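Report on the structure given below.
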Amino acid sequence: MANLLIEHPLGSMSVAEAKERLTAMGEYFTNKHGINVTWSGDAATVKGKYLVVTIDGGLRFQGGKAIFEGKDPGMLWRGKAREYIQGKIKKYLDAATRVADLPRR
């Protein structure tokens with residue numbers, strides 16, 4: 001089965017700030033959906049279930065981008081999974097929002 005690949009440019013944001021923001025996103029996933037996000041250095045594993053879709057993948061930084069790569073949930077759920085994860089990454093990496101203001105619940 002193919003992987004689901006989502007890339008989001010960091011722009012002028014440092015990896016340290018992006019990680020802080022994506023750590024907040026991980027707290028949101030854990031608190032809201034019970035999805036486990038575990039960081040090791042600048043990479044995270046993401047495991048859990050959102051509605052009927054199993055999420056199993058990882059987050060990392062490479063070439064000035066935040067990259068999520070995970071198992072493809074299949075044709076039926078691929079679009080929704082991509083849309084949801086892309087939307088959350090975009091929201092949490094929006095430099096116009098202060099880190100303290102990012103939702104964690």
Side-chain angles (χ1 to χ4, degrees):
M1 186 181 283
N3 280 348
L4 180 65
L5 181 66
I6 298 169
E7 298 180 343
H8 187 84
L10 298 181
S12 62
M13 187 177 294
S14 70
V15 169
E17 181 181 353
K19 180 182 175 187
E20 182 180 16
R21 291 169 167 279
L22 293 181
T23 297
M25 183 181 79
E27 291 172 19
Y28 172 84
F29 282 160
T30 300
N31 293 330
K32 185 83 172 176
H33 305 298
I35 296 170
N36 190 21
V37 180
T38 308
W39 286 91
S40 177
D42 285 340
T45 56
V46 183
K47 290 187 182 289
K49 200 168 192 170
Y50 176 63
L51 300 175
V52 297
V53 178
T54 297
I55 298 173
D56 185 3
L59 270 169
R60 70 182 189 281
F61 302 101
Q62 183 178 334
K65 295 184 244 182
I67 300 169
F68 173 85
E69 189 170 8
K71 288 184 183 173
D72 186 329
M75 186 178 73
L76 202 57
W77 297 103
R78 184 178 303 130
K80 287 288 185 195
R82 176 179 299 283
E83 180 182 302
Y84 182 76
I85 295 168
Q86 247 174 348
K88 288 298 179 196
I89 291 172
K90 181 179 180 182
K91 176 179 182 167
Y92 279 80
L93 291 181
D94 182 355
T97 304
R98 293 179 331 126
V99 174
D101 294 335
L102 292 169
R104 288 173 170 81
R105 293 205 170 274

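Keep in mind that what you see is a predicted model, and the values were worked out from it rather than measured.
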Any pair counted as ring-ring contact (aromatic ring centres under 6.0 Å, His included), so long as it reaches residues 36-59, sequence neighbours left out | His33-Tyr50, Tyr50-Tyr84
Of all heavy-atom pairs between Val46 and Ile35, which one has the smallest distance, and what is that distance?
-> CG1-CG2, 3.7 Å
Quick one: side-chain hydrogen bond (donor to acceptor under 3.5 Å, both in side chains) partners of Gln86, sequence neighbours excluded?
-> none
Single-linkage hydrophobic cluster Ile67~Ile55, side-chain heavy atoms < 4.5 angstrom = no
Hits for side-chain contact (heavy atoms from CB on, under 4.5 Å) against Thr45, two or more places apart or cross-chain, chain-then-number order -> Thr38
Side-chain donor or acceptor of Lys19 paired with backbone N/O of Gly41 under 3.5 Å | yes
Using side-chain hydrogen bond (donor to acceptor under 3.5 Å, both in side chains) as the criterion, list what pairs up with Asp56, not counting sequence neighbours.
-> Lys47, Lys71
Locate the shortest heavy-atom distance separating Gly26 from Val37; write the atom from each residue and the value.
-> CA-CG2, 3.7 Å
Considering all heavy atoms of both residues, which atom of Leu93 and which atom of Ala66 are nearest to each other, and what is their separation?
-> CD1-CB, 3.8 Å
Can you name the residues that form a salt bridge (Lys or Arg N to Asp or Glu O under 4.0 Å) with Glu69, not counting sequence neighbours?
-> Arg60
Do Tyr92 side-chain atoms and Pro103 backbone N/O form a donor-acceptor pair below 3.5 Å?
-> yes
Find the distance between CE (Met25) and CG (Leu102) and round it off to the nearest 0.5 Å.
-> 10.5 Å
For the residue pair Leu4 and Pro73, what are the closest heavy atoms and their distance?
-> CD2-CD, 4.3 Å
In chain order, what residues pass the side-chain contact (heavy atoms from CB on, under 4.5 Å) check against Ser40, with sequence neighbours excluded?
-> none
Residues passing the side-chain hydrogen bond (donor to acceptor under 3.5 Å, both in side chains) test with Arg82, sequence neighbours excluded, are none
Write out all pairs satisfying ring-ring contact (aromatic ring centres under 6.0 Å, His included) with one or both partners inside residues 4-26, taking only residues at least two apart or from two chains.
-> none
Can you name the side-chain hydrogen bond (donor to acceptor under 3.5 Å, both in side chains) partners of Glu7, sequence neighbours left out?
-> Lys65
Sequence neighbours excluded, every pair satisfying ring-ring contact (aromatic ring centres under 6.0 Å, His included) that has a member inside residues 52-83 = none
Pairs where residues 87-99 contributes a residue and the test salt bridge (charged side-chain N to carboxylate O under 4.0 Å, His left out) is met, not counting sequence neighbours = Arg98-Asp101
Quick note, salt bridge (charged side-chain N to carboxylate O under 4.0 Å, His left out) partners involving residues 26-36, not counting sequence neighbours, are Glu27-Arg104
In the single-linkage hydrophobic clustering (I, L, V, M, F, W, Y; side-chain heavy atoms under 4.5 Å), do Leu22 and Val15 co-cluster?
-> yes
